[in-house]
Amino acid sequence: MNLLAELRRRFRPALAHFTADVDPLLDMIRPSQPQHGDYQANCAMPLQKIVGRPPREVAQQLIERLELDDLCEAPTIAGPGFINLRLKDAWLAEQAGQAVRDERIGVAPAESPRTYVIDYSAPNVAKPMHVGHIRSTVIGDALYRTLGFLGHRVISDNHLGDWGKQFGMVIYGYKHFRDEARYQDDPVTELARLYQLVHQIIEHQAGKPTRGPAPLDQLPSLSEPHPNLERRVLDETARLHRGEEENLRLWKEFMPACLSALHQVYDRLGVRFDHELGESYYDDRLSKVVEDVQAKGVAEESEGAICIFIHEFPAPMIIRKSDGSFLYATTDLATIQYRMETWRPDAILYVVDHRQSEHFEKLFAAARLWGYSDVELMHVSFGTVMGEDKRPFKAREGDPVGLESLLDEAVERAYRLACEIDEKKPEGPQLSEAERREVAEVVGIGALKYADLSQNRTSDYVFSFDKMCALDGNTAPYMQMAYTRVCGIYRKGGVDISTLRDAETPIVLSHPAERQLAVALLRYSEALDEVVKDYRPSQLTSYLFDLAKTYSGFFESCPVLKAETEELRRSRLLLCDLTARTIKQGLDLLGIGVVDKM
RNA sequence: GCGCCCAUAGCUCAGUUGGAUAGAGCAGCGGUCUUCUAAACCGCAGGUCGUAGGUUCGAAUCCUACUGGGCGUGCCA
């Protein structure tokens with residue numbers, strides 16, 4: 001049961017009496033601060049102009065038309081015309097009981113499921129993954145899981161950068177700079193080094209010396225035999241795209257190693273994709289796309305390039321360069337075409353950092369001009385990951401902070417945390433070394449993901465191991481700990497919770513903390529709706545943190561195993577059960593695991 | 001130059017798209033353990049919501065200008 005949705009359903013006919021346009025007014029029913037009740041309806045104020053009566057009077061008329069007796073106490077009017085709603089304890093208890101017995105813990109599947117394609121992660125195959133990739137991967141995965149749980153058809157597609165200029169760089173590097181022994185030993189690392197080296201030399205030639213694999217004082221001599229390196233790289237790229245035998249052979253040789261390195265990271269993150277159709281997949285569509293766009297009069301030639309001019313933007317979107325080659329804009333259009341043909345989605349979400357927002361605005365406008373006007377194209381943008389010095393926390397050339405080393409460090413810190421917790425237990429250490437390692441992996445990876453997801457995605461965020469691994473505050477370890485505390489109760493009391501769950505045991509709300517917990521639990525469905533509404537997983541972390549705090553309040557003031565009566569004991573155990581399941585499931589929708597003890 | 005984004009407590013951030021006295025978490029101060037994990041909980045303190053105007057019953061939120069920061073900007077992705 002979605003409480004808010006139910007209230008809105010009840011308000012609809014009453015509001016319809018005053019105006020035809022009720023939807024905006026329904027949005028003004030919202031959760032309230034506790035001192036004012038559970039929910040508040042703020043529709044009387046805007047209605048005063050339509051009805052022509054003072055808002056408090058409007059509120060009174062509205063209340064008289066509402067049929068809420070079964071779920072709410074009598075509504076009250078406060079201030080300028082707020083309608084305060086307090087849910088009945090008996091109704092809350094009944095709803096909580098239903099949620100306990102429900103596999104989906106009270107979350108109804110979407111009434112009208114949509115089809116979503118989510119495009120996330122999309123690393124450049126030739127470069128090592130770094131911290132910048134984690135946001136796209138983690139946010140995209142959370143949206144994938146959440147939309148799927150809500151009953152939508154969701155297709156995840158990792159749009160790998162496997163065909164662009166970066167491969168020209170790697171191929172050029174391979175041909176001229178490779179260390180054969182290192183390549184044989186560890187191809188991915190050597191390719192990454194080559195990429196960085198070529199990048200470094202190009203920067204050097206552009207007069208912007210940067211750090212990289214080569215010492216700065218050796219750059220001139222390294223650079224000298226390769227004048228105009230950027231041009232040479234583009235030539236290698238063009239040869240690859242033309243299908244010249246050697247470059248294509250190298251590309252085919254590099255790809256499996258690169259992909260398997262990526263999948264190692266994805267496996268560890270617990271991320272998997274339905275499809276991994278990289279840029280190369282669309283190569284043979286590109287010329288047809290350009291022709292078609294031109295034929296429809298959407299694109300035109302300008303200064304030798306084929307361009308789509310978008311009214312709002314001074315610079316056009318170039319889809320074919322004057323030298324005849326294509327760009328990522330071309331690939332992106334081809335990708336939209338392919339996805340529409342293949343899956344007919346209602347929405348395509350691009351989880352990509354905010355610096356590309358202008359590109360997507362142009363792309364979406366171009367797609368609409370091209371005829372794809374009935375699909376929601378959404379740039380789910382996110383901010384930059386910053387270091388604690390407030391500078392972008394990106395891999396510096398030559399000194400890369402690889403994603404894997406970040407994972408290692410998070411897990412190592414979680415391991416130390418797990419040991420510390422275990423050793424401080426009053427009854428002595430409880431975990432084996434293997435268990436500690438398992439806890440560390442779940443908590444460490446969880447901490448990293450949670451830190452990212454708990455941030456409003458649109459803002460930059462400061463990356464801090466200390467904060468993400470803290471047991472206080474809005475962190476994964478705190479949530480995971482809250483979960484283990486519930487499990488601890490079952491262990492201590494020798495409770496078989498699933499039997500109790502099926503026994504139709506009634507929920508009793510005898511204490512304010514129990515009531516508060518029940519309300520928080522029943523708002524899970526609302527939280528998921530909020531996540532999906534603006535594609536913001538942080539709505540779920542906020543909810544879970546709030547739930548965990550509410551549970552702590554309950555835990556402090558309501559003994560469970562030692563409850564005054566057996567009826568109360570069973571009821572409280574079920575509230576614990578619903579809390580644990582909500583936390584576990586909520587974290588799962590964020591791609592984060594839990595352990596029974598830590 | 002033009003465009004987009006941001007500015008909220010000492011620090012890191014929320015703020016449900018215009019609603020009640022702007023909220024959390026850290027850090028600080030003070031309490032609470034013979035009692036289900038004290039790795040917890042409770043309380044106190046902390047604010048000119050960048051500045052100045054405007055819109056209205058009501059503004060951190062919307063509009064304008066300004067200040068300070070970030071990002072992007074015709075042949076990279």
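Per chain, numbering begins at 1; letters A, B, ... match sequence-line order. Just so it is clear, the values below take in all heavy atoms, side chains as well, and ignore hydrogens, waters and symmetry mates.
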Given [options], identify the nucleotide with an atom nearest to the side chain of [X].
{"X": "Lys549(A)", "options": "G19(B), U16(B), A24(B)", "answer": "A24(B)"}
{"X": "His36(A)", "options": "G25(B), G15(B), A20(B)", "answer": "A20(B)"}
{"X": "Asp472(A)", "options": "A20(B), A40(B), U56(B)", "answer": "A40(B)"}
{"X": "Met481(A)", "options": "U37(B), G19(B), U56(B)", "answer": "U37(B)"}
{"X": "Ile489(A)", "options": "A20(B), G19(B), C36(B)", "answer": "C36(B)"}

Those residues that, when tested against [X], pass side chain to side chain donor-acceptor pair (under 3.5 Å) (two or more places apart):
{"X": "Lys165(A)", "value": "Glu230(A)"}
{"X": "Gln166(A)", "value": "Asn124(A)"}
{"X": "Tyr543(A)", "value": "none"}
{"X": "Ser325(A)", "value": "Asp323(A)"}

Contacts of Tyr478(A) that satisfy ring-ring contact (aromatic ring centres under 6.0 Å, His included) - sequence neighbours left out: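 Expected list: Phe545(A).
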
Is a salt bridge present between Glu567(A) and Arg572(A), judged by a nitrogen-to-oxygen distance below 4.0 Å?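 Answer for the salt bridge query: no.
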
Would you call Arg135(A)-Asp353(A) a salt bridge at under 4.0 Å N-O?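 Here Arg135(A) does not pair with Asp353(A) in a salt bridge, since their nearest N and O are not under 4.0 Å apart.
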
In whole Å, what separates the C1' atom of A65(B) from that of G25(B)?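 The answer is 36 Å between these two C1' atoms.
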
Give me the distance, rounded to whole Å, that separates A60(B) from C13(B) when you measure between the C1' atoms they each carry.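 Looking at atom C1' only, A60(B) and C13(B) are 14 Å apart.
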
Less than 4.0 angstrom between a side-chain N/O of Arg536(A) and OP1 or OP2 of G15(B), yes or no?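 Yes, because at least one side-chain N or O of Arg536(A) sits under 4.0 Å from OP1 or OP2 of G15(B).
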
Neighbour count above 12 (heavy atom, 6.0 Å) for Lys584(A) NZ: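 No, because the 6.0 Å sphere around NZ of Lys584(A) holds 12 heavy atoms or fewer from other groups.
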
Within residues 450-460 of chain A: residues closer than 4.0 Å to RNA chain B (heavy atoms):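 Gln455(A), Asn456(A), Ser459(A), Asp460(A), in order of number.
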
Can you list, in residue-number order, the parts of residues 552-559 of chain A that come under 4.0 Å of RNA chain B, counting heavy atoms only?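 Residues of residues 552-559 of chain A that come under 4.0 Å of RNA chain B are, in numerical order, Ser552(A), Phe555(A), Glu556(A), Cys558(A), Pro559(A).
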
Can you tell me which stems RNA chain B forms when a stem means 3 or more consecutive Watson-Crick or G-U pairs under 3.5 Å?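 Listed by first number, the stems are B:1-5 with B:69-73, B:10-13 with B:23-26, B:28-32 with B:40-44, B:50-54 with B:62-66.
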
Listed once per pair and sorted, the side chain to side chain donor-acceptor pair (under 3.5 Å) pairs that draw on residues 522-537 of chain A, sequence neighbours left out: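 Qualifying pairs, neighbours excluded: Asn2(A)-Ser525(A), Asn2(A)-Asp529(A), Tyr39(A)-Arg523(A), Tyr39(A)-Glu526(A), Glu376(A)-Tyr535(A), Tyr524(A)-Gln585(A).
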
Is [X] touching bases, backbone alone, or none of the nucleic acid, heavy atoms closer than 4.0 Å?
{"X": "Met28(A)", "value": "nothing"}
{"X": "Pro46(A)", "value": "base"}
{"X": "Gln40(A)", "value": "base"}

For a quick check under 3.5 Å, do Thr541(A) and Ser454(A) share a side-chain donor-acceptor pair by atom type?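 Not at all, the side chains of Thr541(A) and Ser454(A) share no donor-acceptor pair under 3.5 Å.
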
Donor-acceptor side-chain pairing of Asn456(A) and Ser538(A) below 3.5 angstrom: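 No, no side-chain donor-acceptor contact under 3.5 Å.
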
For every nucleotide of nucleotides 71-77 of chain B, 5' to 3': is a protein heavy atom under 4.0 Å from its base (B), only from its sugar-phosphate (S), or from neither (-)? SS-BBSB

Is the aromatic ring centre of Phe313(A) closer than 5.5 Å to the centre of the six-membered base ring of G3(B), with the two planes inclined by less than 30°?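 Stack criterion not met.
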
Check residues 21-28 of chain A and write down every donor-acceptor pair under 3.5 Å in which the side-chain atom is one partner and the other belongs to a residue at least two apart or another chain.
residue: Asp23(A); atom: OD1; partner: Arg12(A); partner atom: NH1; Å: 3.3
residue: Asp23(A); atom: OD1; partner: Arg12(A); partner atom: NH2; Å: 3.0

Once salt bridge (Lys or Arg N to Asp or Glu O under 4.0 Å) is applied, what residue pairs with a partner in residues 34-56 of chain A remain, sequence neighbours excluded?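 Those involving residues 34-56 of chain A are Asp38(A)-Arg515(A), Arg53(A)-Glu57(A).
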
